Protein chains: 2
Amino acid sequence: MDDETAPQKGTVTQRAIERIKAMIGEGRLEPGQRLPTERDLAVQLGISRSSMREAIRALTVLGVLEARHGSGIYVTQLEAGDLLETFGVVADLSRGPRLVELLEIRRILESTATALAAARITADQLAEVEKHLAAMNATDDPEEILAHDLAFHREIAVAAGNETMAAILEGLSSRTFRARVWRGYQEEGAFARTRREHAAIHRALAARDPEAARAAAAAHVGEVEEWLRAQLGPQGRSPGPDVPPLT
Amino acid sequence: MDDETAPQKGTVTQRAIERIKAMIGEGRLEPGQRLPTERDLAVQLGISRSSMREAIRALTVLGVLEARHGSGIYVTQLEAGDLLETFGVVADLSRGPRLVELLEIRRILESTATALAAARITADQLAEVEKHLAAMNATDDPEEILAHDLAFHREIAVAAGNETMAAILEGLSSRTFRARVWRGYQEEGAFARTRREHAAIHRALAARDPEAARAAAAAHVGEVEEWLRAQLGPQGRSPGPDVPPLT
DNA sequence: ATCCGCGAGGTGGTCGGACCACTATGCGCC
DNA sequence: GGCGCATAGTGGTCCGACCACCTCGCGGAT
């Protein structure tokens, strides 16, 4: 009754976003459930369809809603992967010192995840890890190496048993992020070193040795971290060509 | 030249989002810089103002852009706090087993951050920590305790020297998140224990003892984590009163 | 000459309607 | 009974208008 008088805080779109978020938070909207149509929702919240669409778009990019053309709007499964997809944006837009900070976080999480994986990994999962390890060593195509490298670490993160952590690590290792950092790193003949480090991680996993796994993973990420730190130190500028701002 | 023919992938809004993100990623749009008007941008990208507004709204909720009514659209400083604000959404919308996973991640990061802080914290920062510790012990108002509790950990995270990690921890400790979990936790007379744990963390910081700090922080978060795990185990339901879905 | 105030222009915010693209459903035809 | 197409309904896009708010410069008062 008392909420009929508009609180008038912020834009109507922002209010609509909060309303829908609240509905989900309170359990009035279950994962996978279909929402009313844009037009109905707009009427229910007393706003125009344009504003409602902006709210839906916002919740869509956040991974909370999913719009299917011609079908309807649905709540996602609200799983870690859905909601943490935006984490990749942070990695992609960060540069300079923040890249080092992101790698530091990845080192902390990746080492812990690898240690957990050493204790929990199943035979099947270990076989999957070995598959990517072999594929990584069997080709010279940087694209393919990168893909299997990502899958290698992803499999380990999943084996650690924490889906959320796996999703965060996935974001911290997004294609564009690694491509940017690794472009220079691997040009310095770091392939061999990378292979040795991956082999060490695999050995620790196969031996079910959490401490060795933690150390190997920390060293693996730490190598890249140190290299990047050194890159930024001397010149203080982020890599890449300086493109003058267009009109 | 070859990009003049529309690639026709996805919705025009999604394409606009990618375009603007790319402009920022390539450095053509600097942090803090003002963008052209919505109307001009729409013309430049060859889409309607409505679609452009949806793209801008999307980038706004991601913390990449900031729209000031009557003034213009600006690129944010792209700092950790700006981009990771959405991380709180994850915490707010997660429930059940995922809450435990989030606490596990917080335990890993918070313990490491506290260890780093023990080695790096300045006298001023330590005084600030003590201020919040004292304020926390001087009141019985749960709201105020929660606020100083958040500030206590935030100050430590900042002292660790990794802004990004501080921002993530901030998201993992968002008001609504903690309020939900702590409501039940603190009702079990955990105030005294919490105060002891905070005191232990402070002692380790004052003694500049990283290992003790790591252990104290891990135990602090671990306590809540274990309690929550126990809550979820027996009944398999998320805590809190079972409110029947409202109409 | 300096300062203050107010008004005009420009900006994002909201609205309503129209049409297009796609999907799903069911009815009728084979 | 099964298949295919017409159709209604959905999200996607566009347009034009108006509103609320901020900014800046012009003009007058001091």
Side-chain angles (χ1 to χ4, degrees), chain A residues 4-21 23-24 29 31-77 82 247, chain B residues 4-21 23-24 29-77 82:
Chain A
E4 208 60 67
T5 63
Q8 284 294 61
K9 55 173 180 180
T11 69
V12 293
T13 303
Q14 197 62 37
R15 254 180 292 163
I17 293 175
E18 299 299 333
R19 289 277 296 268
I20 297 180
K21 257 197 331 196
M23 286 188 202
I24 296 176
L29 289 176
Q33 183 177 340
R34 183 177 181 278
L35 274 69
T37 71
E38 293 178 343
R39 296 163 173 85
D40 289 346
L41 275 175
V43 173
Q44 284 184 28
L45 300 192
I47 65 180
S48 72
R49 194 189 161 203
S50 313
S51 301
M52 177 55 70
R53 275 190 59 79
E54 286 188 25
I56 293 171
R57 172 72 62 180
L59 291 169
T60 295
V61 301
L62 289 180
V64 176
L65 298 183
E66 178 190 2
R68 301 179 202 161
H69 191 168
S71 174
I73 308 166
Y74 302 80
V75 182
T76 67
Q77 291 306 120
D82 300 322
T247 320
Chain B
E4 208 59 66
T5 64
Q8 286 291 62
K9 55 172 183 180
T11 68
V12 294
T13 303
Q14 197 62 37
R15 255 179 291 162
I17 294 174
E18 300 300 334
R19 289 279 295 269
I20 297 180
K21 257 198 327 196
M23 286 189 203
I24 297 176
L29 289 176
E30 295 287 333
Q33 183 177 343
R34 183 177 182 275
L35 274 69
T37 71
E38 292 178 344
R39 296 163 173 86
D40 288 346
L41 276 174
V43 173
Q44 285 184 27
L45 300 193
I47 65 180
S48 72
R49 194 188 162 204
S50 312
S51 301
M52 178 54 73
R53 273 190 60 79
E54 287 188 24
I56 294 172
R57 172 72 63 179
L59 291 169
T60 295
V61 300
L62 289 181
V64 176
L65 298 182
E66 179 190 3
R68 302 181 201 159
H69 191 167
S71 174
I73 308 166
Y74 302 80
V75 182
T76 67
Q77 291 308 119
D82 300 323

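The chains referred to below are lettered A, B, ... by the order of the sequence lines, with proteins before strands, and numbering in each begins at 1. Note that the coordinates shown come from a computational prediction; the quantities given were computed from them, not determined experimentally.
Counting to the nearest Å, the P atom of C:dG12 and the CG atom of B:L65 are 11 Å from each other. Rounded to whole Å, the distance from CZ on A:R49 to C1' on D:dG11 is 6 Å. Rounded to whole Å, atom P of C:dG13 lies 8 Å from atom CD1 of B:I56.
Contact annotation: A:R39 does not reach the phosphate of D:dG12 (side-chain N/O to OP1 or OP2, under 4.0 Å). Note on A:T13: every side-chain N or O is 4.0 Å or more away from OP1 and OP2 of C:dG13. Proximity of B:R53 to the phosphate of C:dG13: a side-chain N or O atom is located under 4.0 Å from OP1 or OP2. A:S71 has no side-chain polar atom (N or O) that falls below the 4.0 Å cut-off from OP1 or OP2 of C:dT23.
No side-chain donor-acceptor contact under 3.5 Å links A:T76 to the backbone of A:L65. Within the 3.5 Å criterion, the main-chain N or O of B:S71 finds a donor-acceptor partner in the side chain of B:R34.
Across all strands, B:I73 comes closer than 4.0 Å only to sugar-phosphate atoms, never to a base (heavy-atom distances). Across all strands, B:S51 comes closer than 4.0 Å only to sugar-phosphate atoms, never to a base (heavy-atom distances). Residue contacts for B:I47: at a heavy-atom cut-off of 4.0 Å it reaches the sugar-phosphate backbone alone, with no base atom in range. Within 4.0 Å (heavy atoms only), B:R68 reaches sugar-phosphate atoms of the nucleic acid but no base atom.
With distances taken from any side-chain atom of A:H69 to the nucleotides C:dT11, D:dG11, C:dC15, the minimum falls on D:dG11. Listed nucleotides: C:dT11, D:dT10, C:dT14. Nearest to the side chain of A:S48: C:dT14. Between C:dC15, C:dT11, D:dG11, one nucleotide has an atom nearer to the side chain of B:T37 than all others, and that is C:dT11.
Take the nearest nucleotide of DNA chain C for B:D40 and for B:R57: the residue whose nucleotide is more 5' is B:D40.
Inter-residue side-chain proximity for B:T60 and A:E54 is flagged as unmet; no heavy-atom pair is nearer than 4.5 Å.
Residues B:P36 and B:I73 come closest through the heavy atom pair O-CD1, 4.4 Å.
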